[in-house]
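These notes concern the structure reproduced below.
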Amino acid sequence: MKITAFYAALLTPIFMFISLRVIRARRGAGAAIGDGGNADLLRRIRVQANFAEYVPLALILLALAESLSTPVWLLHVFGVMLLIGRIVHAFGVSQANEQFAFRVSGVALTMTMLAGAALTCFFRSVIY
């Protein structure tokens, strides 16, 4: 599972960074739970939550695809799509004046990766 481990290792500091942004914003807003009505904190919470919602499933699919002897080049395509997709999405949504093109591009890359990895797992588990 070296390839999955590689992408998990690259995604972890991104998650830590966006999580620390939430912690700092919570302290600034004095909101231990929820967003305290602070729009910036809400946006940061959603960036973090969105990352936490998509990345685990994506890494599971990547690991399963890797365990099914998927070609290395395809695993890297999926990993790069996930990595770039999550960075681009987080950047776009993090902006107070949201950069919708970044958000859409990030979601498109992530969804394409999920669909591709799922289809790869399906076909490789049925055919091999």
Side-chain angles (χ1 to χ4, degrees):
M1 299 286 162
K2 287 183 177 184
I3 295 169
T4 302
F6 175 74
Y7 288 101
L10 294 177
L11 288 158
T12 297
I14 297 167
F15 185 69
M16 293 171 64
F17 174 77
I18 60 180
S19 295
L20 289 171
R21 290 185 73 233
V22 171
I23 293 167
R24 281 193 301 260
R26 280 192 190 283
R27 285 186 184 157
I33 296 178
D35 60 33
N38 183 303
D40 179 57
L41 175 54
L42 175 60
R43 184 170 293 282
R44 290 176 187 214
I45 289 169
R46 284 308 311 148
V47 169
Q48 178 194 35
N50 192 276
F51 193 99
E53 292 161 0
Y54 284 97
V55 170
L57 177 59
L59 287 174
I60 289 168
L61 286 168
L62 187 63
L64 290 170
E66 188 171 356
S67 77
L68 293 168
S69 301
T70 299
V72 170
W73 69 266
L74 185 54
L75 295 170
H76 281 294
V77 167
F78 292 149
V80 168
M81 289 173 74
L82 177 62
L83 184 65
I84 293 172
R86 293 293 82 204
I87 290 170
V88 169
H89 180 271
F91 174 77
V93 177
S94 291
Q95 308 305 308
N97 184 12
E98 188 173 327
Q99 303 295 313
F100 209 68
F102 286 101
R103 182 180 193 168
V104 172
S105 299
V107 168
L109 278 169
T110 302
M111 292 296 180
T112 302
M113 180 275 174
L114 288 170
L119 286 170
T120 298
C121 287
F122 176 78
F123 286 113
R124 292 192 73 80
S125 67
V126 171
I127 295 171
Y128 293 99

Please report the interatomic distance [atom1]([X]) to [atom2]([Y]), rounded to the nearest 0.5 Å.
X      : Y      : atom1 : atom2 : result
Tyr7   : Leu75  : OH    : CG    : 9.0 Å
Ile45  : Asp40  : CD1   : CG    : 9.5 Å
Thr12  : Met16  : OG1   : CE    : 8.0 Å
His76  : Leu62  : NE2   : CG    : 9.0 Å
Leu64  : Thr120 : CG    : OG1   : 11.5 Å
Thr112 : Phe78  : OG1   : CZ    : 10.0 Å

Does any part of the side chain of [Y], heavy atoms only, come nearer than 4.5 Å to the side chain of [X], both counted from C-beta?
X     : Y     : result
Leu11 : Phe51 : yes
Ile18 : Arg44 : no
Ile14 : Leu10 : no

Would Tyr54 and Val107 count as a side chain to side chain contact (heavy atoms under 4.5 Å, CB included) here? Give the steps. CA-CA 10 Å; Tyr54 284 97; Val107 168; 5.9 Å; no

Ionic contact status for Glu53 with Arg46, cut-off 4.0 Å: yes

With hydrophobic residues grouped by side-chain heavy-atom distances under 4.5 Å, do [X] and [Y] end up in a single group?
X      : Y      : answer
Ile60  : Leu119 : no
Phe6   : Leu109 : yes
Val93  : Phe17  : yes
Leu82  : Val104 : no
Phe102 : Phe100 : no

Indicate the atoms forming the closest heavy-atom contact of [X] with [Y], along with that distance.
X      : Y      : value
Arg124 : Ser69  : NH2-O, 2.7 Å
Leu61  : Cys121 : O-SG, 3.5 Å
Met113 : Met81  : N-CE, 3.6 Å
Thr70  : Ala65  : OG1-O, 2.7 Å

Could you list the residues that satisfy side chain to side chain contact (heavy atoms under 4.5 Å, CB included) with Ala8, not counting sequence neighbours? Leu59

Atom pairs and distances, donor-acceptor, side-chain atoms in residues 24-33, under 3.5 Å, two or more places apart:
{"residue": "Arg26", "atom": "NH1", "partner": "Gly34", "partner atom": "O", "Å": "2.6"}

Give every donor-acceptor pair under 3.5 Å between a side-chain atom in residues 84-91 and any protein atom, sequence neighbours left out.
{"residue": "Arg86", "atom": "NE", "partner": "Thr110", "partner atom": "OG1", "Å": "3.0"}
{"residue": "Arg86", "atom": "NH1", "partner": "Asn50", "partner atom": "OD1", "Å": "2.5"}
{"residue": "Arg86", "atom": "NH2", "partner": "Thr110", "partner atom": "OG1", "Å": "3.2"}

Side chain to side chain contact (heavy atoms under 4.5 Å, CB included), that's the test. Do Val22 and Leu41 meet it? Break it down for me. CA-CA 7 Å; Val22 171; Leu41 175 54; 4.3 Å; yes

Give the intermediate values and the outcome of side chain to side chain contact (heavy atoms under 4.5 Å, CB included) for residues Gln48 and Arg21. CA-CA 9 Å; Gln48 178 194 35; Arg21 290 185 73 233; over 6 Å; no

Heavy-atom count around Phe15 CZ within 6.0 Å, excluding the residue itself: above 12? yes

